[in-house]
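Take a look at the structure set out below.
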2 protein chains.
Amino acid sequence: MDAVSACKNPSKKAEQVLDAARRLFVERGFGATNMDALAAAAGVSKATIYAHYDSKEALFAATARRECRRLVVRMAIGEDVAEHRALDTALTHIGRAFLDALMSPEIVGLLRMVIAESTRFPELGQIYYDSAPGQTLTSVTCYLERARREGLLIDCDTRRAAEQFLSLLRGDLHLRILLGHPPPRAERDPAIDEAVATFVARYGARASAS
Amino acid sequence: MDAVSACKNPSKKAEQVLDAARRLFVERGFGATNMDALAAAAGVSKATIYAHYDSKEALFAATARRECRRLVVRMAIGEDVAEHRALDTALTHIGRAFLDALMSPEIVGLLRMVIAESTRFPELGQIYYDSAPGQTLTSVTCYLERARREGLLIDCDTRRAAEQFLSLLRGDLHLRILLGHPPPRAERDPAIDEAVATFVARYGARASAS
DNA sequence: GTCTATATTTCGATAGAC
DNA sequence: GTCTATCGAAATATAGAC
């Protein structure tokens, strides 16, 4: 029951439909999007949509799954952003990349959509979580593990350390963005610096020069 | 345009309607709730609903606003949970209270609803943010300010410290709950301890006995 | 103020021609 | 495979009696 099998008859028009569905569902949500608007946006007729997808719900599920998969790709990039740098510099770079991704309109829209429909489509929540946050957490954990082996960190549970670092970075930014009231951009860089400072205070190797 | 003025004709039945609206909207969301179900749940006729509220949207807005205001009251309680205790004990207690509130089904449901409809009703996001997270942040900042004056904390920006502490507590719990996949409860207390440990590593007074 | 019954609209889904 | 045209259900909103 993935995006492929949900599409009964793959073709170019099926792609157009999926693209339009992504735009409209992400912008307006499931309930506020109707099939007429969807057909118009895709440049096809409603009947064509139903030739490819059994129902509005099936189309939504296929769309959401596809977008979550794309997310995995996006978040996996930047994994090596922190090569060969001092700990705090590397963490700052990771922080910027993380917040950039977190604040991008496509990701925010997708997350809002998934949250909104997580009761109607319970599986989506799991898929999303495994995609974006899961990938990021794994990626950061790997970096911290390397840093620990190199003596930059104290001996610790690197996965929990990664969770804490990401939490410090996220702050209430995530919530505010989801609520439609993002904080001014000027607050971002100081917040990253403070997140790094707190992380280093707990996990930085005491013996390192500072 | 608040909950009062949105209700054209206050009465006992108007209360019943608002109560039913809270339950259904929070459980099922705006789109999946219809006026027939609402009337049945409230024990009144549809016409009665429309005698008190101009439209489904008006009823939703009134309901959401009222629930956000109630939230302020809930979160303000527990402000003095941390009186006369050692720093880490107090922080642990604050942490438990915070997570309890964060995880309560009513609050999660309300938040999900507000996020889901934050494009259709942009004002709601602001109202919610000012209510729950705003109150909590203020409350924790006050405690930290007192602790700082008593010499338990280093000299610091207590508001930012409060933000970081709450972020550490929240972790990705919030996200996972909103996505419908909460982590096992057993992970909660260790996570709180670790949050406190990281916070104290950065902000705890170095001279204090440990 | 509240009800029953109904009007009206919106929207998901389909039939049938090409 | 795709379109035009349409059906039928569901849902919002209202009319009119009490």
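The figures here come from the full heavy-atom set of this structure, side chains too, leaving out hydrogens, waters and symmetry mates. Every chain is numbered from 1, with letters handed out A, B, ... down the list of sequences. What you are looking at is a predicted structure, and each value in this text was computed from that prediction instead of being measured.
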*asked:* Rounded to whole Å, how long is the line connecting atom NE2 of B:His52 with atom C1' of C:dC3?
replied: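 Distance, rounded to whole Å: 12 Å.
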*Starting at atom CG of B:Asp36, determine the distance to atom C1' of C:dT6, rounded to an integer number of angstrom.*
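Result: 13 Å.
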Checking contacts here: which listed nucleotide ([options]) is nearest the side-chain heavy atoms of [X]?
X	options	answer
A:Ser45	C:dA13, C:dC3, D:dT2	D:dT2
B:Lys13	C:dA13, C:dC3, D:dC3	C:dC3
B:Ala47	D:dT14, C:dA13, D:dT2	D:dT14
A:Tyr50	C:dT14, C:dT4, D:dT2	C:dT14
A:Lys56	C:dG12, D:dA13, C:dT2	C:dG12

*asked:* Tell me which one of B:Ile107, B:Leu102, B:Asp100 satisfies side-chain contact (heavy atoms from CB on, under 4.5 Å) with B:Ser104.
replied: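 Running side-chain contact (heavy atoms from CB on, under 4.5 Å) over B:Ile107, B:Leu102, B:Asp100 with B:Ser104 returns exactly one hit, B:Ile107.
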*Indicate whether the side chain of A:Thr48 and that of A:Ser45 have a donor and an acceptor atom separated by less than 3.5 Å.*
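Checked: A:Thr48/A:Ser45 side chains pair up, N/O donor to acceptor below 3.5 Å.
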_Side-chain (A:Ser118) to main-chain (B:Leu178) donor-acceptor, under 3.5 angstrom_ =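 Yes; at least one donor-acceptor contact below 3.5 Å.
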*Non-neighbouring partners of B:Glu187 that pass side-chain hydrogen bond (donor to acceptor under 3.5 Å, both in side chains), sequence neighbours left out*: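 Once residues adjacent in sequence are excluded, B:Glu187 has no partner under the side-chain hydrogen bond (donor to acceptor under 3.5 Å, both in side chains) criterion.
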*Go through the steps for B:Asp19 and B:Arg66 under the test salt bridge (charged side-chain N to carboxylate O under 4.0 Å, His left out), then give the verdict.*
CA-CA 10 Å; B:Asp19 274 353; B:Arg66 192 177 77 153; 2.9 Å; yes
*asked:* Can you list, in residue-number order, the parts of residues 26-35 of chain B that come under 4.0 Å of DNA chain C, counting heavy atoms only?
replied: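 By residue number: none to list.
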